[in-house]
Protein chains: 2
Amino acid sequence: MMGKNSVIKSERHGLLIRYLNDNPFLTDDDLAQLLGVSIQTVRLDRAELDIPEMRERVKKAARGAYQNLRAIEEHEVVGELVDLEIGLQGLSILTVGEEMTLRKTRVLDGQYLFAQANSLALALIDTEVALTGTSKVSFKRPVFRGEKVVARAVITRKKGNKYMVRVNSHVKDELVFQGKFLVFDLSEEVNRLENSH
Amino acid sequence: MMGKNSVIKSERHGLLIRYLNDNPFLTDDDLAQLLGVSIQTVRLDRAELDIPEMRERVKKAARGAYQNLRAIEEHEVVGELVDLEIGLQGLSILTVGEEMTLRKTRVLDGQYLFAQANSLALALIDTEVALTGTSKVSFKRPVFRGEKVVARAVITRKKGNKYMVRVNSHVKDELVFQGKFLVFDLSEEVNRLENSH
């Protein structure tokens with residue numbers, strides 16, 4: 001019988017690349033579990049594919065991301081910004097500290113998932129003045145202390161000065177939060193006001 | 001010609017009561033502007049109607065509110081809780097500090113309005129274990145430093161362990177935020193899990 005371990009190497013390499021594409025913050029341990037192989041095998045695979053370890057991947061990604069910010073500032077991004085293509089998409093990671101959890105349930109307070117997603121949505125807009133208009137969010141499963149929430153935001157529509165941004169937040173391969181944000185670019189409005197004075 | 005100032009006293013008393021009902025945190029100055037009369041007139045009206053000044057009204061209201069909390073704790077309520085009828089409705093007030101505003105726009109970061117409303121929604125549920133499932137929010141107008149946001153939350157529907165909570169947040173008489181929160185009472189689920197061990 002073919003077990004998970006018997007997946008041929010090229011197939012496993014394909015899976016590994018796909019998993020890391022979805023979530024660049026998977027550790028070797030996470031990958032080993034997902035692929036059903038040993039950590040050693042994951043390390044070998046990474047070496048063959050020339051993929052650095054998680055910490056290096058994050059550092060490398062983060063270096064550029066903050067420089068691209070326009071509508072909000074570095075300290076206003078909730079979580080760590082690790083990828084930002086202004087006008088397109090971005091990615092941030094929030095490590096859940098005890099102080100972010102509700103004491104009664106020991107679960108991450110939903111406001112942090114909202115704040116991570118909302119600040120990422122604003123970060124995507126190619127303007128100096130952006131504000132959220134409406135938003136629809138869904139909390140898919142409780143998140144606990146120590147977990148890393150990877151939020152990926154994509155601009156899915158643009159009409160005039162309105163942008164629709166969709167955010168999916170995962171812990172490992174589990175969806176924990178989904179949000180749609182309608183964001184307004186108010187730069188023209190502000191310019192108009194300033195010129196009228 | 002009849003000016004605003006000519007509104008007869010009984011009519012003005014009626015308006016004053018209605019304004020304070022909508023927003024108990026209006027100052028005498030706010031009321032004077034709304035009614036188009038002098039602050040002295042407002043003070044006289046309050047005296048005649050036996051309504052204490054704003055600071056007193058808030059203090060009195062707040063005394064009881066925190067004692068009623070169940071699902072979340074005092075420090076987890078974003079803003080000051082000034083009224084709480086568990087299972088029914090509640091009211092909190094958030095004073096916007098500079099640190100809550102986005103530097104680029106000088107506008108209150110939407111996450112605070114969300115957090116105020118979300119924590120108030122959880123506070124209403126008569127259980128020790130409540131979590132937000134989904135939420136739909138709308139930011140009606142920018143809020144600035146120094147403004148006081150009064151959030152009023154009401155349970156509008158209950159079905160099994162699911163509660164629909166509607167939140168309206170005002171600055172003075174202007175609506176700045178609206179939210180609907182679907183909140184789950186998970187106490188039975190937790191009990192079941194605990195008993196199965």
Side-chain angles (χ1 to χ4, degrees), chain A residues 69-79 99-123 125 127-144 176-187 189-190 193, chain B residues 69-79 99-123 125 127-144 176-187 189-190 193:
Chain A
L69 281 177
R70 292 197 68 194
I72 63 174
E73 307 210 327
E74 184 163 341
H75 70 276
E76 293 167 349
V77 177
V78 175
E99 77 286 357
M100 303 178 193
T101 59
L102 297 170
R103 211 195 57 82
K104 287 280 173 71
T105 48
R106 307 246 163 210
V107 159
L108 175 63
D109 188 342
Q111 69 175 81
Y112 292 98
L113 291 172
F114 180 90
Q116 179 185 21
N118 184 51
S119 62
L120 189 58
L122 290 175
I125 313 303
T127 176
E128 297 286 329
V129 197
L131 282 178
T132 304
T134 61
S135 127
K136 203 171 163 180
V137 299
S138 178
F139 301 89
K140 298 296 186 182
R141 81 127 161 97
V143 177
F144 301 94
V176 298
F177 172 93
Q178 261 186 325
K180 281 197 297 190
F181 296 82
L182 184 68
V183 183
F184 297 91
D185 171 0
L186 296 180
S187 54
E189 204 156 318
V190 168
L193 281 170
Chain B
L69 281 177
R70 292 197 68 195
I72 63 173
E73 307 209 328
E74 184 164 340
H75 70 276
E76 294 167 348
V77 178
V78 176
E99 76 286 359
M100 303 178 193
T101 59
L102 296 171
R103 210 193 60 80
K104 287 281 173 72
T105 48
R106 308 244 162 209
V107 160
L108 175 63
D109 188 343
Q111 70 175 81
Y112 292 98
L113 291 171
F114 181 90
Q116 179 186 21
N118 183 53
S119 62
L120 188 58
L122 290 174
I125 314 303
T127 176
E128 297 287 327
V129 197
L131 281 178
T132 305
T134 61
S135 127
K136 204 171 160 180
V137 299
S138 178
F139 300 89
K140 298 297 186 181
R141 82 128 162 96
V143 177
F144 302 94
V176 297
F177 172 92
Q178 259 185 326
K180 281 198 295 191
F181 296 82
L182 184 68
V183 183
F184 297 92
D185 171 0
L186 296 179
S187 54
E189 204 157 318
V190 168
L193 280 171

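Chain identifiers are assigned alphabetically (A, B, ...) following the order of the sequence lines, protein sequences preceding nucleic acid strands; residue numbering begins at 1 within each chain.
Of the two parts of A:R70, only the backbone, made up of N, CA, C and O, holds a non-hydrogen atom closer than 4.5 Å to a non-hydrogen atom of chain B. Neither the backbone nor the side chain of A:L182 comes within contact range of chain B, judged by heavy atoms closer than 4.5 Å. At a 4.5 Å heavy-atom cutoff, the contact between B:T101 and chain A is made by backbone atoms alone. Interface residue A:V137: backbone and side-chain heavy atoms are both found under 4.5 Å from chain B. The part of B:E73 that comes within reach of chain A is its side chain, from C-beta onward, which places non-hydrogen atoms under 4.5 angstrom from that chain. For A:A117, no part lies near chain B; criterion is any non-hydrogen pair under 4.5 Å. Proximity to chain B is limited to the side chain of A:L131, based on heavy atoms less than 4.5 angstrom apart.
The nearest pair of heavy atoms linking B:Q111 to A:N118 is N-ND2, 4.1 Å.
More than 12 non-hydrogen atoms from other residues, nucleotides or ligands lie less than 6.0 angstrom from CZ of B:R141.
The choice from A:G110, A:S135, A:A115 that makes the most heavy-atom pairs within less than 4.5 Å of chain B is A:S135. Of the listed residues A:A71, A:S138, A:S119, the one with more heavy-atom pairs under 4.5 angstrom with chain B than any other is A:S138.
The CG atom of A:D109 sits 8.0 Å away from the OG1 atom of B:T132 when rounded to the nearest 0.5 Å. Atom-to-atom distance recorded for A:K180:NZ and B:K136:NZ is 8.0 Å, nearest 0.5 angstrom. Annotation: the span from A:L122 atom CG to B:K104 atom NZ amounts to 11.5 Å, rounded to 0.5 Å.
Ring planes of B:F139 and A:F114: tilted class, angle from 30 to 60°.
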Exercise. Apply side chain to side chain contact (heavy atoms under 4.5 Å, CB included) to the pair B:T105 and A:L186, showing each step before the final yes or no.
Key: CA-CA 10 Å; B:T105 48; A:L186 296 180; over 6 Å; no

